[in-house]
Asker: 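Quick one: the structure is below, questions incoming.
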Amino acid sequence: MKVISMNYNFREIEAKWQKYWAEHETFKASNHSDKPKFYALSMFPYPSGAGLHVGHPLGYIATDIYSRYKRHKGFNVLHPMGYDSFGLPAEQYAIQTGQHPAITTENNIKRYREQLDQLGFSFDWSREVRTSNPQYYKWTQWIFIQLFHSWYNKTSDKAENIETLVSVFEKEGNANVQAACDDDTPTFSASEWNHFSAKEKQEILLKYRLTYLADTEVNWCPALGTVLANDEIVNGVSERGGHPVIRKKMTQWSMRITAYAQRLLDGLDNIDWPQPLKDSQTNWIGRSEGASVKFKVLNVELEDENSKFKTQNLPFEIEVFTTRPDTIFGVSFMTLAPEHELVAKITTPAQKAEVEAYVEATAKRSERDRMADVKTVSGVFTGAYAEHPFTKEPIPIWIGDYVLASYGTGAVMAVPCGDQRDYDFAKHYNIDIPNIFEGVDISEEAFADKATTIIANSDFLNGLSYKEATKKAIAELEKIGQGKGKVNYRLRDAVFSRQRYWGEPFPVYYVDGMPQMIDLEHLPLELPEVEKYLPTETGEPPLGNATHWAWDRLKAEVVSNDLIDNVNVFPLELNTMPGWAGSSQYFNRYMDPRNNEAIFSKEAIDYWQDVDLYIGGSEHATGHLLYSRFWQKFMFDMGYVPKDEYAKKLINQGMITGESAFFNIIEGRLKKGDEEVSTFCQIIISKGTYDGLTLKKGTINKLPKPLFDFLNERIDIYLDFNKGYEGYTKSYIAFKSTNIDVNLVDKEQVSILRLLENERLKVIGNAHYFDGEEVVPNEKMTEETRANVFREIEKMSKSKYNVVNPDAICEEYGADSLRLYEMFLGPLEQSKPWNTAGITGVSSFLKKLWKLYMPFFDSDAERSRSVTEAEPTADNLKTLHKTIKKVQEDIEHFSFNTSVSSFMICVNELTAQKCTSKSILEPLAILVSPYAPHIAEELWERLGHTESIAEAPFPKFEEKYLVESTKEYPISFNGKTRFKLEFPADMGKEEIEAAVLAHEKTKEQLQGRDPKRIIVVPGRIVNIVE
RNA sequence: GCCUUGGUGGCGGAAUUGGUAGACGCGCUGGAUUCAAAAUCCAGUGUCUUCGGACGUGUGGGUUCGAUUCCCACCCAAGGUACCA
């Protein structure tokens, strides 16, 4: 046997087993098995050009450990991986370079695959999916068509085929239909329906379909040339690129997710997902209970006559939603959103100019502005009045931008005594603030506490609590027909159109302006080629550049635009689907990814059912994870899937943060008044020196002497060469440098001169260095002159120059070390900083593990057998079974960091015990295998096995090896441990108490005092109370 | 502001029903080995200390024989959300 194989050569071993697994398809999952199934899923990545950094594999490693563990436990495991490969970056790159996004994407995927492969994941690659692959997005288009052909029946509380709705219309019109539909849906009878033209019928049905075309206010991002979903906007600007976003009305495809609001909320109770994630979905859906109330608008024409208000009503009504119908007698004004459609209709001539100016000013303000200043109160009186439903008193109607058009009805009944915003508004405009709460002072602020509310000055509500008054108020409103109880949701329907190229085409063409679906058998409708990826000159989406983008209904194929005759050949939809379309059912497609007849076979979905464990980032809380739940519920209603929640358990892995590196720098400047000129003299100083400076800028005589002397001299030299600075004072500024690339840092130090090689850091490369004693001028430095950096924890990202690449780690320490270290770092869910230095710990653990198995590598078989078949000692067995117990519990609790520790303890103990017993080391290899699969396979083979370790049964824990005959009791006084005493494990309470009290050390501790009480917890502790 | 999560040595972190706080690893200190370095191995490493001990899990209270763990109030950090009627 070769000497080389005696050492732990991870490069050789890892390459060998990765090849073995690929060739033997070790992890290929079968859709037919007698074993119980387990579906472990990691969120699939978007293959970006930057490749993976060490933060990305964290969740994949966790899922992989769990998958491998479940295989050892006898499960048929589905553990797939794929790519969310449609997306903006590839398209932006295409716009800049002209390279087709498909090519960029393909290259990026290749790179991802290499990186993933070298980490030794047990993925079933035969099931890989790519959302940009036509064979995949065929089924995304298919689901879109299913949604188009469906409506939501509130009576049965599920989606149904649109045909069932049509048949109701034909028989009885829509008066009794309880459906999720557009607000402006008209009421019609059966005969009216039957007399509608085909186009009219289509228009009506669009108001019911689960995906529908409508004019919607959208978030338009001019810089990106596309609309964005709410969750793609952060602080009023686009999440990607930070561009401004404005509101704009456009005809767009939308998804009627609001139909599922309640079920999406209720479903959260039945799934084991992290509480913060559930909370953010709950907030996003934003359910609130209250009442809808109608206020009649009073006739305003006689207002100028100084006479009493005329009570003759205009035909207008303002509908509001309130969560506090109990406070209805506290209403002293109404506020409409400036965009509210009634504003123009009710404004009096006298107020017209002012109102119009305000409406215009609001429309001009970006969402960002409006959000940024929440403090300013602004609004305008319309001149109109509404009538209080009970008191019949007139209530002034205002408009104000604190009321949002997109929430509720875009109008509020203002109750200043009970709502702080209404209160501020009333104060600001001197509007009456009636107090309707008993025993509450509202002179300073509104009173919003429901729990202690007692209503007063409110006619029939007097003396009632919030709950009672709410109930009563709703009942009274219903009696007079001016209101009813209502549940309102913040959730809006999801806009589904994107004005982009690199996304799924809609399987839609237009006949007479009405959308028609392409028949299922003609899918996929593939993306056309285009010359340019930008919008067209007429402002149409990029698909408008395609010359071959028309649908020939007779031939059932895509033909040239020139052939459009609107008889047989029609224009195709120019928008594409958003990023979340492809990810909303991918987990089900993995079950049967090569099926061309169906999205998945019935057998496959019946076998795999749902995802047992889903691991991914929390950033998808209100995007992917909400939309995919919506689609799953729809698929469930249609009978395609057996579960209406697709993932039983979900874990958000924490972010791995980077340790960014910085210098502190002092720069010499010349200062005169407000003018400051750099002298291009920079000195790198330590963090300590920086923190020691009382002022971060000032005149140089404030600096420590060596720094003062040096800067003084250098600035003089500067002044010799640069004239015209008479009257300027020598000053300095101290600051934090730009990010230093972490790859340049070695043991917290950086060679200053080597920074000259880096274009971005050249300036610092020319700096001098203050070592705490004296200043080393740049010209006297050698390559060895190094300065200490200081660290700050930041998100790991390319732009912060703190990215650590897993390839380099694998090269130096191996994949098994990287896997162990990522887990060892800390709890999976928490975010934690990456520090490469610590990896030596797990790396030397693997070397120690390897050493333990050395007797098996002995070329002398006889000698080898005599050691390795030795009977295990009691200590050996205790160590092993302690570890089995711990590791099994840890994996099941997703506490992977602690099992790495227990492996270390185990190997340390077995090494100390000089254990060479095969019956110990064999199960140990299986224990380690989910975490460090390569070394485990190699050791397994060297133990004499010819099959992969992947399905070797997990060792069985046996309690009997852990039973102790004695127990070391901590003896504590008033809860503080002072010393320890060893007693037999089965010793009784009284005996222990007597033995402890009789002991010398106890007497010493008590110093003659009598203990008040003695607590003995057998097997745990003795506590003496003095 | 609201919601959520967290706060333990120089650092990452452990302590599974309230029962020996700081496991394991990094780093650091000393030693062995080496011409030297790397690697490896051994010992030590919470703070203070008059070397007896005392203190110690963000702060202040409480419950308990006993609290990192439970309760109350507060401070700080991270993430989410935000004129939501």
Side-chain angles (χ1 to χ4, degrees), chain A residues 234-235 274-284 286-288 290 320-324 327 335 337 370-371 373-377 400-404 406-415 418-422 424-425 488-490 618-619 621-622 652 654-655 657 659 747-748 791 793 820-821 824-827 829-845 847-848 851 886 889-890 893 895 897-906 908 968-980 1011-1017 1019-1026:
Chain A
V234 178
N235 295 328
Q275 195 56 43
L277 195 156
K278 288 186 181 183
D279 287 341
S280 78
Q281 291 207 349
T282 305
N283 292 339
W284 196 258
R287 178 193 155 104
S288 45
V320 301
F321 174 74
T322 175
T323 53
R324 296 294 302 272
T327 63
T335 315
R370 266 173 86 168
M371 279 201 283
D373 96 282
V374 285
K375 294 276 177 284
T376 323
V377 176
D401 67 4
Y402 80 95
V403 177
L404 304 178
S406 57
Y407 183 77
T409 59
V412 301
M413 57 174 228
V415 183
D419 181 286
Q420 194 57 44
R421 284 155 313 157
D422 295 344
D424 294 340
F425 196 89
N488 199 48
Y489 298 93
R490 196 187 76 124
S618 59
E619 66 272 23
T622 50
N652 289 132
M655 193 173 36
T657 49
E659 290 193 310
K747 299 221 168 115
E748 305 309 291
R791 301 284 196 165
I793 305 288
L820 281 171
Y821 189 53
F824 187 62
L825 234 36
E829 294 97 325
Q830 277 169 34
S831 83
K832 52 237 158 203
W834 179 268
N835 177 5
T836 306
I839 201 172
T840 54
V842 292
S843 173
S844 59
F845 156 73
K847 286 179 200 157
K848 285 186 215 164
K851 265 194 192 161
K886 177 83 177 134
E889 282 171 2
D890 283 348
H893 290 108
S895 173
N897 53 327
T898 48
S899 33
V900 179
S901 299
S902 52
F903 286 140
M904 290 174 172
I905 295 167
C906 176
N908 288 345
E968 192 182 45
Y969 280 89
I971 312 300
S972 57
F973 292 78
N974 295 328
K976 293 265 173 204
T977 308
R978 296 303 176 199
F979 55 89
K980 289 159 195 170
K1012 277 193 198 130
R1013 213 176 136 187
I1014 296 167
I1015 287 121
V1016 178
V1017 185
R1020 286 229 184 249
I1021 200 175
V1022 177
N1023 189 21
I1024 297 167
V1025 187
E1026 290 186 58

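Note that the structure is a prediction, hence the values are computed from the model and not measured. In what follows, chains carry the letters A, B, and so on, assigned in the order in which the sequence lines appear, proteins first and then strands, with residues in each chain numbered from 1.
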Asker: Could you check whether any side-chain N or O of Y969(A) sits under 3.5 Å from a backbone N or O of K980(A), counting only pairs where one atom can act as donor and the other as acceptor?
Answerer: no

Asker: Looking at rU16(B), does its base get a donor-acceptor pair with the side chain of E889(A) below 3.5 Å?
Answerer: yes

Asker: Would you say R978(A) reaches rA54(B)'s phosphate, i.e. side-chain N/O to OP1/OP2 under 4.0 Å?
Answerer: yes

Asker: In whole Å, I'd like the distance from the OH atom of Y969(A) to the C1' atom of rG66(B).
Answerer: 16 Å

Asker: Is a donor from one side chain sitting under 3.5 angstrom from an acceptor on the other, for D424(A) and Y402(A)?
Answerer: no

Asker: Specify the glycosidic conformation (syn or anti) of rG62(B), with syn defined as within 90° of 0.
Answerer: anti

Asker: Could you please name the option among rG80(B), rC65(B), rG13(B) that lies closest to any side-chain atom of V1025(A)?
Answerer: rC65(B)

Asker: For rG52(B), does the O4'-C1'-N9-C4 or O4'-C1'-N1-C2 angle fall within 90° of 0, making it syn, or is it anti?
Answerer: syn

Asker: Give E829(A) one of three labels, base, sugar-phosphate or nothing, depending on what nucleic acid heavy atoms sit under 4.0 Å from its own.
Answerer: nothing

Asker: Show each protein N/O and nucleotides 36-38 of chain B N/O combination with a separation under 3.5 Å, one pair to a line.
Answerer:
none

Asker: Does one side chain, of S972(A) or N1023(A), offer a donor that lies under 3.5 Å from an acceptor on the other?
Answerer: yes

Asker: Measure from the side chain of Y402(A), starting at C-beta and using heavy atoms only, and say which of rC83(B), rA82(B), rU40(B) lies closest.
Answerer: rC83(B)

Asker: So which nucleotide from rG6(B), rC83(B), rA54(B) ends up closest to the side chain of L404(A)?
Answerer: rC83(B)

Asker: Nearest whole angstrom, please: distance from the C1' of rU64(B) to the CD1 of I1024(A).
Answerer: 18 Å

Asker: For the pair I971(A) and R978(A), evaluate side-chain contact (heavy atoms from CB on, under 4.5 Å) and give the outcome as yes or no after the intermediate values.
Answerer: CA-CA 6 Å; I971(A) 312 300; R978(A) 296 303 176 199; 5.9 Å; no

Asker: Walk me through whether V412(A) and T322(A) qualify under side-chain contact (heavy atoms from CB on, under 4.5 Å).
Answerer: CA-CA 7 Å; V412(A) 301; T322(A) 175; over 6 Å; no

Asker: Would you please say whether a donor-acceptor pair under 3.5 Å links the side chains of T898(A) and S895(A)?
Answerer: yes

Asker: Can you work out whether N488(A) or S280(A) has the more 5'-proximal nearest nucleotide on RNA chain B?
Answerer: S280(A)

Asker: Determine the interatomic distance between C1' on rU63(B) and the same-named atom on rC71(B); round to the nearest Å.
Answerer: 7 Å

Asker: The criterion is salt bridge (charged side-chain N to carboxylate O under 4.0 Å, His left out); which residues satisfy it with E889(A), sequence neighbours excluded?
Answerer: K885(A)

Asker: Please give, in whole Å, the distance from rC3(B) C1' to W284(A) CH2?
Answerer: 15 Å

Asker: Take atom C1' in rG46(B) and the same atom in rA23(B), then report the distance between them in whole Å.
Answerer: 14 Å

Asker: Is the closest side-chain heavy-atom distance between F824(A) and N897(A) below 4.5 Å?
Answerer: no

Asker: Of the candidate nucleotides rU40(B), rU81(B), rC83(B), which contains the atom at the shortest distance from the side chain of R490(A)?
Answerer: rU81(B)

Asker: Would you say S843(A)'s side chain and T840(A)'s backbone share a donor-acceptor pair under 3.5 angstrom?
Answerer: no

Asker: Under 3.5 Å, which N/O atoms of the protein pair with N/O atoms of nucleotides 44-47 of chain B?
Answerer:
none

Asker: Using the rule given for side chain to side chain donor-acceptor pair (under 3.5 Å), can you reason through Y407(A) versus S288(A), listing the C-alpha separation, both sets of side-chain angles and the distance that settles it, and then say yes or no?
Answerer: CA-CA 12 Å; Y407(A) 183 77; S288(A) 45; 3.1 Å; yes

Asker: Nearest whole angstrom, please: distance from the C1' of rA78(B) to the CE of M655(A).
Answerer: 8 Å

Asker: Going from CZ on F425(A) to OG1 on T335(A), what distance comes out if it is rounded to the nearest 0.5 angstrom?
Answerer: 5.0 Å

Asker: Rounded to whole angstroms, how far apart are CZ on F979(A) and C1' on rG52(B)?
Answerer: 16 Å

Asker: Return the CE to OG distance between M655(A) and S618(A), rounded to the nearest 0.5 Å.
Answerer: 8.0 Å

Asker: Given pairs defined as Watson-Crick or G-U wobble with both distances under 3.5 Å, what dot-bracket annotation applies to RNA chain B, with ( ) intrastrand, [ ] crossing, | other strand and . unpaired?
Answerer: (((((((..(((......[....)))((((((.......))))))(((....)))..(((((..]....))))))))))))....

Asker: Using the C1' atom in both, what is the distance from rU68(B) to rG19(B), to the nearest Å?
Answerer: 13 Å

Asker: Say you pick atom C1' in rC65(B) and the same atom in rG18(B); how far apart are they, in whole Å?
Answerer: 12 Å

Asker: Mind checking the C1' distance from rG30(B) to rG79(B)? Whole angstroms is fine.
Answerer: 44 Å

Asker: The test is ring-ring contact (aromatic ring centres under 6.0 Å, His included); show your working for W834(A) and Y821(A) and say whether it passes.
Answerer: CA-CA 10 Å; W834(A) 179 268; Y821(A) 189 53; 5.2 Å; yes

Asker: Holding to salt bridge (charged side-chain N to carboxylate O under 4.0 Å, His left out), I want the full list of residues that pass it with K886(A), two or more places apart in sequence or in another chain.
Answerer: D890(A)

Asker: So, OP1 or OP2 of rC11(B): does either fall under 4.0 Å of a side-chain N or O from R791(A)?
Answerer: no

Asker: Take atom C1' in rG6(B) and the same atom in rG58(B), then report the distance between them in whole Å.
Answerer: 11 Å

Asker: Nucleotide by nucleotide, 5' to 3', does protein get under 4.0 Å of the base (B), only the sugar-phosphate (S), or neither (-) in nucleotides 17-27 of chain B, counting heavy atoms?
Answerer: B-BBS-BBSS-

Asker: Over how many whole Å does the gap from W834(A) atom CH2 to rG13(B) atom P extend?
Answerer: 13 Å

Asker: Between rA14(B) atom C1' and K832(A) atom NZ, what is the distance in whole Å?
Answerer: 15 Å

Asker: Rounding to the closest angstrom, what is the interatomic distance between rU69(B) and rA15(B) at atom P?
Answerer: 15 Å

Asker: Donor-acceptor check, side chain of K832(A) to backbone of P827(A), threshold 3.5 angstrom: yes or no?
Answerer: yes

Asker: What is the separation between atom CG on N974(A) and atom C1' on rA67(B), rounded to the nearest whole Å?
Answerer: 15 Å

Asker: Measure the spacing between CG of L277(A) and CD of E619(A) and express it to the nearest 0.5 Å.
Answerer: 10.5 Å

Asker: Over all strands shown, is P827(A) touching base, sugar-phosphate only, or nothing at heavy-atom distances under 4.0 angstrom?
Answerer: sugar-phosphate

Asker: Between R1013(A) and N283(A), which is nearer to the 5' end of RNA chain B once each is assigned its nearest nucleotide?
Answerer: N283(A)

Asker: In whole Å, what separates the C1' atom of rA54(B) from that of rU49(B)?
Answerer: 8 Å

Asker: At less than 4.0 Å, is any side-chain N or O atom of R421(A) found next to OP1 or OP2 of rC83(B)? Yes or no.
Answerer: no

Asker: Going through the distances and angles, do M904(A) and V842(A) end up as a side-chain contact (heavy atoms from CB on, under 4.5 Å)?
Answerer: CA-CA 8 Å; M904(A) 290 174 172; V842(A) 292; 3.6 Å; yes

